[in-house]
> 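Attaching a single structure in C-alpha cells format; questions to follow.
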Amino acid sequence: MAERSLRGMKIGAHSLESDAGVAFVARREESYRCEDGHTFTVTFAEDAEAPAVWECKCGKRAELIGGADGEDDEKPAKPQRTHWDMLLERRSVEELQVLLDERLELLRQGKLYKRLH
C-alpha cells in the first residue's frame with residue numbers, strides 16, 4: 001500500500017520552473033551621477049539605448065556618465081488638446097452656431113426644461 005500512496009507538494013513553497021536551458025541576453029552596465037554626488041549603475045541589454053537622464057534614489061535627476069553631451073533624448077511634448085479642439089475636429093463653427101440657435105429657440109419655447117439641482 002505504501003508504494004501506491006500519493007505524494008503531495010506544498011503549494012507556493014517550491015517552483016517547478018528551473019533555469020536549465022535559459023539563455024540570458026548580453027548585458028552592460030551604465031553609470032549615472034546626480035547633483036548630490038550619488039553614483040549608481042543600471043543594467044541594460046546590450047542593444048538597448050541608455051537614456052541620458054535617470055531618477056536617483058534621492059529623487060533628483062541623475063545624468064549619464066560618459067554619455068552624449070548636451071543631447072536630450074526626451075520627445076517634444078504635444079500640446080494638450082482641449083474639449084473645444086476636439087469639438088472643432090468634428091464640426092465647423094458654422095454648424096455649431098446653427099445647433100446653438102436651434103437649442104436656444106427650443107429653450108425659449110419651453111420645449112426644453114432646465115435641470116433643477
Side-chain angles (χ1 to χ4, degrees):
M1 183 81 177
E3 298 153 8
R4 301 176 79 202
S5 65
L6 296 174
R7 292 189 148 184
M9 184 173 171
K10 299 176 191 173
I11 295 178
H14 302 285
S15 174
L16 297 176
E17 295 181 9
S18 68
D19 291 339
V22 175
F24 292 105
V25 131
R27 296 178 275 177
R28 74 175 196 289
E29 290 187 346
E30 295 289 344
S31 297
Y32 289 87
R33 182 179 302 124
C34 77
E35 61 188 48
D36 286 347
H38 301 130
T39 303
F40 58 94
T41 59
V42 180
T43 304
F44 293 99
E46 192 66 40
D47 59 345
E49 189 173 326
V53 178
W54 196 270
E55 186 176 343
C56 181
K57 63 182 177 186
C58 66
K60 296 185 179 176
R61 291 175 48 137
E63 301 289 329
L64 180 63
I65 298 174
D69 297 329
E71 291 184 19
D72 275 339
D73 288 342
E74 298 176 11
K75 295 179 182 177
K78 289 184 177 179
Q80 187 173 0
R81 288 176 38 193
T82 63
H83 294 293
W84 181 249
D85 296 331
M86 289 184 267
L87 185 63
L88 288 178
E89 289 175 5
R90 295 189 307 268
R91 299 184 187 269
S92 68
V93 176
E94 293 80 19
E95 291 174 324
L96 292 172
Q97 186 63 46
V98 170
L99 287 174
L100 177 64
D101 292 339
E102 289 174 3
R103 299 303 279 187
L104 285 175
E105 186 59 35
L106 289 173
L107 186 63
R108 289 183 186 123
Q109 293 174 2
K111 295 182 179 177
L112 292 180
Y113 300 102
K114 288 197 263 183
R115 291 184 187 172
L116 298 176
H117 291 7

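If you're wondering where the values come from, they're calculated on a predicted model, not measured in any experiment. Nothing fancy with the numbering, it's 1 onward along the sequence.
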> Should Arg28 and Glu46 count as an ion pair when the cut-off is N to O under 4.0 Å?
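Between Glu46 and Arg28 there is no salt bridge, as every charged N stays at least 4.0 Å from the carboxylate O atoms.
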> Would you name the heavy atoms of Arg90 and Glu95 that are closest together and state the gap between them?
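Where Arg90 meets Glu95 most closely, the heavy atoms are O-OE1, 4.4 Å.
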> Kindly indicate whether the side chain of Glu30, heavy atoms from C-beta on, has any atom under 4.5 Å from the side chain of Ile65.
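No, their side chains stay 4.5 Å or more apart.
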> Side chain to side chain contact (heavy atoms under 4.5 Å, CB included), that's the test. Do Leu99 and Arg91 meet it? Break it down for me.
CA-CA 10 Å; Leu99 287 174; Arg91 299 184 187 269; 3.8 Å; yes
> Shortest non-hydrogen contact from Leu64 to Ser31?
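Answer, listing the atom of Leu64 first, then Ser31: CD1-O, 3.5 Å.
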> Would you give the length of the straight line joining atom SG of Cys56 to atom CD of Glu35, rounded to the nearest 0.5 angstrom?
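Rounded to the nearest 0.5 Å, the SG-CD separation comes to 9.5 Å.
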> Would a hydrophobic clustering, with Ile, Leu, Val, Met, Phe, Trp and Tyr connected at side-chain separations under 4.5 Å, put Val25 with Val22?
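Val25 does not cluster with Val22.
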> With rounding to the nearest 0.5 angstrom, report the CG to CD distance, Leu104 to Gln109.
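The CG atom of Leu104 sits 11.5 Å away from the CD atom of Gln109.
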> Rounded to the nearest 0.5 Å, how far does SG of Cys34 lie from CZ of Phe40?
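Those atoms lie 7.0 Å apart.
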> Between atom CG of Asp101 and atom CZ of Arg103, what is the distance when rounded to the nearest 0.5 Å?
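Answer rounded to 0.5 Å: 12.5 Å.
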> Any idea which heavy atoms bring Ala50 and Tyr32 closest together, and the distance?
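Reported closest heavy-atom pair: CB-OH, 3.8 Å.
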> Run Leu88 and Leu96 through side chain to side chain contact (heavy atoms under 4.5 Å, CB included) and show every step you take.
CA-CA 9 Å; Leu88 288 178; Leu96 292 172; 4.1 Å; yes
> Look up atom CD in Gln97 and atom CD in Glu94, then write down how far apart they are to the nearest 0.5 Å.
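Reported value, rounded in 0.5 Å steps: 9.0 Å.
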> In Å, rounded to the nearest 0.5 Å, how long is the span from CH2 of Trp54 to CD of Glu63?
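Answer for the CH2-CD pair, Trp54 versus Glu63, is 13.5 Å.
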